[in-house]
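Here is how names work: the chains are called A, B, and so on, in the same order as the sequence lines, proteins then strands, and each is numbered from 1.
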There are 2 protein chains.
Amino acid sequence: MDFEHADALNQAIRLLSLRHRARAASLLAPLGLHTGQEALLLQLDRTGPMIQAQLSEALGCEPPSVTLMTRKLEAGGHIRRTPAPSDKRASIVELTDSGKALADQVKQLWCALAEETVGGLPAETVAELPGILKTLTDNVDTRRPTTQAALARSSAVRSPSKAS
Amino acid sequence: MDFEHADALNQAIRLLSLRHRARAASLLAPLGLHTGQEALLLQLDRTGPMIQAQLSEALGCEPPSVTLMTRKLEAGGHIRRTPAPSDKRASIVELTDSGKALADQVKQLWCALAEETVGGLPAETVAELPGILKTLTDNVDTRRPTTQAALARSSAVRSPSKAS
DNA sequence: ACACATTGGTTATGCACATAACTATTATGC
DNA sequence: GCATAATAGTTATGTGCATAACCAATGTGT
């Protein structure tokens, strides 16, 4: 791939990151949330109580980041951290009632943001977009085991003619 | 759009941002660069000397960010800042020889990263990816005038005009 | 039983990003 | 001319993210 195309792609990803994050920030600010915190709330809403190590894995960020984010959300009264009875090292993180209510509000915003984001794109493209983005993510993911495994068990990607 | 799809999309964008940035960081680290700095070097390489306000616009980040990044790159000897003769407020930023050499190395990495990123995707998808990502970006861009332009060229992949 | 690696979590520190408040210069009103 | 707005840049501060170093609890070998 020549530099022109490579640059166009890398720059497009970089700018999308910046702008999508900025837009999310402006939507979340009225709720008193910063970007990243919404992901934690939504994760707990999806799966119920988790320990921080699981959150770190699910959110795709490192344990120290989870420590700080949970601390702030706890200070805001949106989550609760209780020591795990079976493992004294771990602390169980769960949503408070306030956190659940907040998560519901975030869900609303999230739908609006998604619609705004894909505005003007054909439905067909919108449908395959999450799968494409996931492929890109797995391709550059240094946290997960290998890229091949991800492709193999990914139901959203429909191009199995790849086995280099 | 229901929450399931919205969440899949927003989360995909969030994770792509994190992983692509992390991968870029691991590639740039050997050069002594942090992510974001490479964008500044490439921009100067593309367009020649610029003042910081222009860099801020081109990079899509705010003036204070440019101040800090230029300061660090200047400390590293990769760029030079000279006061503009015509406007005593502005300072002209340009690549040093060291910076030019570094930009060339970044270009190599950038090609490798782009290829790695789109691995396993059909060429057709790869071709229209930059255009799609740009549309997404424009849709959520709060810096630029409006999102009307994005709607107009909904299916357009190539964007010859810089839309400045 | 006990040394040792592994795991869960925190603290310290650094970077890119943001906004808000500020200075210094330039442009524009009258 | 001179007051005022607009612009270029910096400083202060706060956030999410990262890595490195560290502590405490749990597992595992022999």
Query raised in the report: Taking the nucleotide of DNA chain C with the closest heavy atom to each, which residue, Pro64(A) or Leu18(A), is nearer the 5' end?
Result: Pro64(A)
Query raised in the report: dC17(C) P sits how many Å from Glu57(B) CD, rounded?
Result: 15 Å
Query raised in the report: Quick one: Arg21(A) CZ to dT15(D) C1', roughly how many Å, whole number?
Result: 8 Å
Query raised in the report: Roughly, in whole Å, what's the span from NE2 in His20(B) to C1' in dA18(D)?
Result: 17 Å
Report task. For Gln52(A), report the nucleic acid contact type (base, sugar-phosphate, nothing); a contact means any heavy atom under 4.0 Å. Result -> sugar-phosphate
Query raised in the report: Nearest nucleotide by nearest heavy atom, which residue falls closer to the 5' end of DNA chain C, Asp87(B) or Ser91(A)?
Result: Ser91(A)
**Report entry** Test item: Val93(A) and Met50(A) side chains (from C-beta on) under 4.5 Å apart, heavy atoms
**Finding:** no
Query raised in the report: Under 4.0 Å between a side-chain N/O of Lys72(B) and OP1 or OP2 of dA16(C), yes or no?
Result: yes
Query raised in the report: Is it the case that one hydrophobic cluster holds both Ile51(A) and Leu44(A), taking links as side-chain heavy atoms less than 4.5 Å apart, direct or via other members?
Result: no
**Report entry** Closest to the Lys88(A) side chain, choosing from dG8(C), dT26(D), dA8(D)
**Finding:** dT26(D)
Query raised in the report: dG9(C) C1' sits how many Å from Glu74(A) CD, rounded?
Result: 13 Å
Query raised in the report: Starting at the 5' end of DNA chain D and moving along, which residue's nearest nucleotide shows up first, Glu62(A) or Pro85(A)?
Result: Glu62(A)
**Report entry** Selection: residues 25-44 of chain A, any non-hydrogen atom under 4.0 Å of DNA chain C
**Finding:** none
Report task. Flag the pair Lys107(A) and Asp7(B) as a salt bridge only when some basic side-chain nitrogen lies within less than 4.0 angstrom of an acidic carboxylate oxygen. Result -> no
Query raised in the report: What nucleotide, of dC17(C), dC17(D), dA8(D), holds the atom closest to the side chain of Ile51(B)?
Result: dA8(D)
Report task. Nearest whole angstrom, please: distance from the P of dT7(C) to the CD of Gln54(A). Result -> 14 Å
Report summary line: Of dC17(C), dG9(C), dG9(D), the nucleotide closest to the side chain of Leu68(B) is dC17(C)
Report task. Determine the minimum heavy-atom distance between Val66(B) and Cys61(B), stating which atoms define it. Result -> CG2-SG, 4.2 Å
Query raised in the report: Any donor-acceptor pair under 3.5 Å between the side chain of Arg89(A) and the base of dT26(D)?
Result: no
Query - Salt-bridge present (Asp138(B), Lys134(B); N to O < 4.0 Å) - result: yes
Query raised in the report: Under 4.0 Å between a side-chain N or O of Ser65(A) and OP1 or OP2 of dA18(D)?
Result: yes
Query raised in the report: With the 4.5 Å side-chain cut-off for hydrophobic clustering, are Ile13(B) and Leu18(B) part of the same group?
Result: no
Requested in this report: Examine dC17(C): is either OP1 or OP2 under 4.0 Å from a nitrogen or oxygen in the side chain of Arg19(A)? Give yes or no.
Outcome: no
Query raised in the report: Ignoring hydrogens and geometry, is there a side-chain-to-backbone donor-acceptor pair from Gln37(B) to His34(B) under 3.5 Å?
Result: yes
Query raised in the report: Do Ile79(B) and Glu94(B) touch side chain to side chain, with heavy atoms closer than 4.5 Å?
Result: no
Requested in this report: Using only side-chain N and O atoms of Arg71(B), determine if any of them is under 4.0 Å from OP1 or OP2 of dA16(C).
Outcome: no
Requested in this report: For dA18(D), take OP1 and OP2 only and decide whether either is under 4.0 Å from a side-chain N or O of Arg23(B).
Outcome: no
